[in-house]
Amino acid sequence: MELALTTDGTRATLRVLGRVSMAETTVLSEYLRVARENGAVRCIVDLTDCTELPTTIVAVLLRESGKLAEAGGGLALTGVAEQNPFLRDAVTAERFLHYRSADEAFAGDVASAVKISPAEPSPARS
């Protein structure tokens, strides 16, 4: 697994590359903690280049989403596909916001965006 964190004021994007093992979910959570400590309240986890995720990722991301919501922000995902069927089901059930790209997520304001399933096109923006 490789992680790449970029922050810009209250925004952060965490790109996840490769296969994520169960032991590495703690590292992913630590990166999001660092983003929050640096002032980010709206975070995108970009899974476009991620090939596999353990089932524990759903709980990790739900916990991180809650922490960001407490700070007045939110967490959204991009690139959810077949890496983990439980995560895909959670996105489909609207437990997570999902976008085609980080740019689209930030344009839609992560904290108040419309939830969509990964198979659907994004809603039109006015």
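No salt bridge links E64 with R33; every basic N to acidic carboxylate O contact stays at or beyond 4.0 Å.
The closest side-chain donor-acceptor pair between Q83 and T51, if any, does not fall under 3.5 angstrom.
Taking CG of D46 as the reference point, atom OG1 of T48 lies at 3.5 Å (rounded to 0.5 Å). Taken to the nearest 0.5 Å, the SG atom of C43 stands 4.5 Å off from the CG atom of L68. Atoms CD1 and CD, on I57 and E52 in that order, are 12.0 Å from each other to the nearest 0.5 Å. The distance from the OG1 atom of T55 to the CG atom of L53 is 10.0 Å, given to the nearest 0.5 Å. Atom CZ of R36 is separated from atom NZ of K67 by 5.0 Å, given to the nearest 0.5 angstrom. To the nearest 0.5 Å, the span separating CG on L97 from OG on S65 amounts to 7.5 Å.
Under the 4.5 Å side-chain criterion, counting only non-hydrogen atoms from C-beta, S21 is not in contact with M1. Counting heavy atoms from C-beta on, the side chains of L17 and R15 come closer than 4.5 Å. Within the 4.5 Å cutoff, the side chain of L75 has heavy atoms near those of the L77 side chain.
Hydrophobic clustering of Ile, Leu, Val, Met, Phe, Trp and Tyr side chains at less than 4.5 Å, counting indirect connections, unites V91 with L62. At a threshold of 4.5 Å between side-chain heavy atoms, the hydrophobic network of Ile, Leu, Val, Met, Phe, Trp and Tyr places V16 and M22 in two separate groups.
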Side-chain donor-acceptor pairs under 3.5 Å in residues 4-14, sequence neighbours left out?
residue	atom	partner	partner atom	Å
T10	OG1	R42	NH2	3.3

- Query: When you look at T78 and I44, which way does the side chain to side chain contact (heavy atoms under 4.5 Å, CB included) test go after all the steps?
  - Reply: CA-CA 7 Å; T78 64; I44 304 299; 3.8 Å; yes
- Task: Report the C-alpha distance between E82 and R88 in whole Å, list the side-chain angles of each, state the deciding distance to 0.1 Å, and finish with yes or no for side chain to side chain contact (heavy atoms under 4.5 Å, CB included).
- Result: CA-CA 7 Å; E82 300 303 320; R88 183 172 176 93; 3.8 Å; yes
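Listed for the H98 side chain is a donor-acceptor partner under 3.5 Å among the backbone atoms of V80.
The 12-atom threshold is not exceeded at CD of E2, counting heavy atoms of other residues, nucleotides or ligands nearer than 6.0 Å.
Of all heavy-atom pairs between V58 and F96, the closest is O-CZ, 3.8 Å.
Of the candidates V60, L3, L32, V45 forms a side-chain contact (heavy atoms from CB on, under 4.5 Å) with just one, namely L32.
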